[in-house]
Number of protein chains: 2
Amino acid sequence: MLSTGHYLILSSLSRNGPESRSELASRLGMSKAAISSLVRDLLKQEILCEQAPVHGSGRPSVPLAVRAEAAWFIGISLQNDPAIVVLTDLHGTVHDRMELPRHADLETCVTSLCDAIAHLRKGLRSARGHVSGVGMALPGFVANDRQTCLACAALGWRDVDIGGLLSKRTGLPTWIENDANALILGEQLFGALRGSPDFSVIFISNGIGCANIVNGRLLRGYAGGAGEMSHAPIVTDMAHALPCRCGNRGCLETVASLLAIGNAARRAGLPTDIAELARLAAGAHPEALSILHHAGASMGLATAHLIQLIDPSHVVVMLDPNLRDGIYGHALQRETESHILRRPASRGMIHFRDFEPDSFACGAASLAARYFIFGPDGV
Amino acid sequence: MLSTGHYLILSSLSRNGPESRSELASRLGMSKAAISSLVRDLLKQEILCEQAPVHGSGRPSVPLAVRAEAAWFIGISLQNDPAIVVLTDLHGTVHDRMELPRHADLETCVTSLCDAIAHLRKGLRSARGHVSGVGMALPGFVANDRQTCLACAALGWRDVDIGGLLSKRTGLPTWIENDANALILGEQLFGALRGSPDFSVIFISNGIGCANIVNGRLLRGYAGGAGEMSHAPIVTDMAHALPCRCGNRGCLETVASLLAIGNAARRAGLPTDIAELARLAAGAHPEALSILHHAGASMGLATAHLIQLIDPSHVVVMLDPNLRDGIYGHALQRETESHILRRPASRGMIHFRDFEPDSFACGAASLAARYFIFGPDGV
DNA sequence: GGTCTATAGTTTATAATATGAACTATGTTG
DNA sequence: CAACATAGTTCATATTATAAACTATAGACC
């Protein structure tokens, strides 16, 4: 069994990359003796491994690293159709993946997911290790226990104990999470911003998702609704504010989401496909330009609100390359920058990234990996 | 010397109110034996005291409470002129207070503050205890060490080590904090929302301040600029957006702050005094109504953004009663509610409170009390 | 090549801090 | 007044850290 001390070392190595025993001791504020003994246990259990010595003056230091194959995880994304199921190692690398239809019917959904999980587990030859847990990302609200989906419009679920079902059928501990939250938690554990205590992730798809890491932890809010950028009141001129499915008018997602852009294009008699619309805009088509500019600028305004209120070090924006490289991305960046206080670090704060569907499944897998690395008392 | 265990007990009692040893043991997940021994130390040092036994079935339990007079603190507010200096006990009760002119000149400022502190310390007969620390709230940016004021427009300070100066002259540990942050930290430690892990405080004065407690901790952000509601981009219609001192246009504080309201009144040929303006609006004076409605609605829109992004359980809004009871407060509340997702808990989320200048000084005192209660490794 | 020095990591005795289980204390209940 | 219930203490012990001395392994320098 691992103690708090073991988990401290695991999480430090996972956050800060390979480090020697001495570096760990000073970073964690513990004695060399304690680290030495804790590391011995973790090496014996083959959770850590020693890397090639680093030579300086004095005895070379031996960097310690978390062994990627020490544990395996299943990540499920119901963010879109098809559903995606991945098998990752402890570094977040995908070793196998499957796509399957996303069933709204609960029984069908659970059965097909369990079949996929069984198949992936079989593919992992037991000599290499075994699967330690399952994570799932879905577009909806999840209860505090991270087991029950309280509401998911896309699947028509209400108060569905999907976590309990999966964990019962697979015999594996299971964690459920909102899609944006899973995405940023994966980014925090496995991604380039690993270890940053304050950053935000936004993704622009048919809807708009947003999540924030603050003080090193996920910002959930009181009712679990933090980061609801999607319904930020952006269009305040009520003459132009469109009704939103949430019941209000002028929400961000009524202008800046892919669905909203498609709708606007249809009303203007333009093609609703994003790539085609972007091509028209690139060719200076005035109405295409107007739609995409308005969408991007609205997104930028909401991003400025986010930056002013939450003050992240980085904002990762995941979107379609066609939008990123055209007027949408340009307007987003420009509008954001023109509405935030100029801070020393505000340059290069926004990082565009391609919209990768597997990111959600990887984030989901990281939910289970997190338990392995941070322990039951978690971080 | 107090250990981590002692501080755990102190912070639990401070957060959750008086509790018996048994209750502490189960809340903190420790054995009765450990609690018993730790409490003995704290009783001997007269930091805790036993209250009247509570009778149930079985041996009566003895609630333990933090002794208010176990420690005393000085709180300084430079939030406005005059500066306010208070002497509080460990419960945040003000036992003595002074007002003095707020000097922008550093030497004069420090000298007059130190004189005031010395006077308050003398007034506290040493039999009752002694002052353990000093806290200061000021309207500006403070470095991460909580000693140096990086920038304060109202006083014209840049990179002023006010904390170092005060602590050197008084011989007391000193903490500096932004005014809004001090306010919410005081609320968290001493106020009605004590113990709530997710709430926000907004105050409307000549400027607008905002701070947020998230996951039980102050949301500082990457550069310490979180909660900068004041420069939220609210007026997006550039034809009507006024220039702001920050260099952008249409910031919240250009329409919703007392200064902005006064400016708008002057431009309309109306009295700039808030009380008089509110009286005109109450009498249905159309221009007064328009100014105050616009200001309140803008404030409400910014509050809606805050609620959507951060999802607090409560938003405490501190403002002049004349504004609260008139169209400003009404528009604020109405506009906020019409722009947030209806959540189960969204009713009664906004709590108006009178603008009390002493609140800032109390919050400042709580910065030092926090150190006493949470220990050097703080929370 | 040998010695000095610097740094990494281990060993071991010990200190600090928790626990479990038995015990005492002090009430209510019937 | 006995039986019971719950609060709190005691004490032997386990866990988990530390300090300090020790070993290990390199580069540097003469």
Side-chain angles (χ1 to χ4, degrees), chain A residues 1-13 16-67 374-377 379, chain B residues 1-13 16-67 374-377 379:
Chain A
M1 212 49 216
L2 298 187
S3 75
T4 312
H6 295 116
Y7 286 118
L8 276 177
I9 290 180
L10 270 181
S11 38
S12 174
L13 290 178
N16 311 113
E19 281 186 319
S20 71
R21 294 168 176 82
S22 293
E23 289 165 324
L24 279 172
S26 70
R27 183 188 292 277
L28 298 177
M30 293 169 70
S31 64
K32 291 193 296 171
I35 299 294
S36 187
S37 146
L38 292 168
V39 162
R40 190 180 5 256
D41 302 339
L42 292 169
L43 285 173
K44 184 180 292 176
Q45 292 188 44
E46 295 189 299
I47 294 173
L48 298 186
C49 60
E50 295 188 322
Q51 294 187 332
V54 172
H55 294 251
S57 75
R59 176 172 170 176
S61 67
V62 181
L64 300 159
V66 178
R67 228 170 55 87
F374 296 143
D377 307 323
V379 164
Chain B
M1 210 47 215
L2 298 186
S3 75
T4 312
H6 295 115
Y7 285 119
L8 276 177
I9 290 179
L10 270 180
S11 38
S12 174
L13 290 177
N16 310 113
E19 282 186 319
S20 71
R21 294 169 177 81
S22 293
E23 290 165 322
L24 279 172
S26 70
R27 183 188 291 277
L28 298 177
M30 293 169 69
S31 65
K32 292 193 297 172
I35 299 293
S36 187
S37 145
L38 291 168
V39 164
R40 187 176 12 252
D41 303 338
L42 292 169
L43 285 172
K44 183 180 291 176
Q45 294 188 42
E46 295 188 297
I47 295 173
L48 298 186
C49 60
E50 296 187 324
Q51 294 188 331
V54 172
H55 294 250
S57 73
R59 176 171 170 175
S61 67
V62 181
L64 300 159
V66 178
R67 228 170 54 88
F374 296 144
D377 306 324
V379 165

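Just so we're on the same page: letters track the sequence lines, and every chain starts at 1.
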Undergrad: Show me the side-chain donor-acceptor pairs of residues 25-37 of chain B shorter than 3.5 Å, one per line, residues at least two apart or across chains.
TA:
from, atom 1, to, atom 2, distance (Å)
B:Ser26, OG, B:Glu23, O, 3.2
B:Arg27, NE, B:Glu19, OE1, 3.1
B:Arg27, NE, B:Glu19, OE2, 3.2
B:Arg27, NH2, B:Glu19, OE2, 2.7
B:Ser31, OG, B:Ala34, N, 3.2

Undergrad: List the residues meeting side-chain contact (heavy atoms from CB on, under 4.5 Å) with A:Ser57, not counting sequence neighbours, and say none if there are none.
TA: none
Undergrad: Can you list everything that forms a side-chain hydrogen bond (donor to acceptor under 3.5 Å, both in side chains) with B:Glu50? Sequence neighbours excluded, please.
TA: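 For B:Glu50, the residues satisfying side-chain hydrogen bond (donor to acceptor under 3.5 Å, both in side chains) (neighbours in sequence not counted) are B:Arg21.
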Undergrad: Check every strand shown and say whether B:Ser20 touches a base, only sugar-phosphate, or nothing at a heavy-atom separation below 4.0 Å.
TA: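 Answer is sugar-phosphate: B:Ser20 comes under 4.0 Å of backbone atoms only.
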Undergrad: Taking side-chain hydrogen bond (donor to acceptor under 3.5 Å, both in side chains) as the test, write out the residues that go with B:Ser12, two or more places apart.
TA: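 side-chain hydrogen bond (donor to acceptor under 3.5 Å, both in side chains) list for B:Ser12, sorted by chain: B:Asn16.
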Undergrad: Report the residues that fulfil side-chain hydrogen bond (donor to acceptor under 3.5 Å, both in side chains) with A:Ser22, sequence neighbours left out, ordered by chain and then residue number.
TA: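 A:Ser22 satisfies side-chain hydrogen bond (donor to acceptor under 3.5 Å, both in side chains) with no other residue.
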Undergrad: Enumerate the residues from residues 54-67 of chain B whose closest heavy atom to DNA chain C is under 4.0 Å, giving them by residue number; use none for an empty result.
TA: B:His55, B:Gly56, B:Gly58, B:Arg59, B:Pro60
Undergrad: Provide, to the nearest angstrom, the distance between the CZ atom belonging to B:Arg21 and the P atom belonging to C:dA25.
TA: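 Nearest whole value for this atom pair: 15 Å.
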Undergrad: Nearest 0.5 Å please: distance from the CG atom of B:Leu10 over to the CG atom of B:Leu2.
TA: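 Result: 6.5 Å between the selected atoms.
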Undergrad: Mind running a 4.0 Å heavy-atom check of residues 25-45 of chain B against DNA chain D and sending the residues that fall below it, in number order?
TA: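 Residues of residues 25-45 of chain B under 4.0 Å from DNA chain D: B:Lys32, B:Ala33, B:Ser36, B:Arg40.
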Undergrad: Which is the 5'-most and which the 3'-most nucleotide of DNA chain D that has an atom under 4.0 Å from a heavy atom of chain A?
TA: D:dT16 to D:dG27
Undergrad: In Å and rounded to the nearest 0.5 Å, what is the CE to CG distance from B:Met1 to B:Asp41?
TA: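 The CE atom of B:Met1 sits 13.0 Å away from the CG atom of B:Asp41.
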Undergrad: For A:Leu24 and A:Leu13, what are the C-alpha separation, side-chain angles and deciding distance, and is it a side-chain contact (heavy atoms from CB on, under 4.5 Å)?
TA: CA-CA 8 Å; A:Leu24 279 172; A:Leu13 290 178; 4.0 Å; yes
Undergrad: How long is the line joining CD of A:Glu23 and C1' of C:dG9, in whole Å?
TA: 13 Å
Undergrad: Considering every strand and a 4.0 Å limit on heavy-atom distances, what is the contact class for B:Thr4: base, sugar-phosphate, or nothing?
TA: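 The answer is nothing, as B:Thr4 stays clear of every strand by at least 4.0 Å.
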Undergrad: Taking B:Arg67 for the side chain and B:Glu46 for the main chain, is one N or O donor matched with an acceptor at less than 3.5 Å?
TA: yes
Undergrad: side-chain contact (heavy atoms from CB on, under 4.5 Å), that's the test. Do B:Val54 and B:Ser61 meet it? Break it down for me.
TA: CA-CA 5 Å; B:Val54 172; B:Ser61 67; 3.8 Å; yes
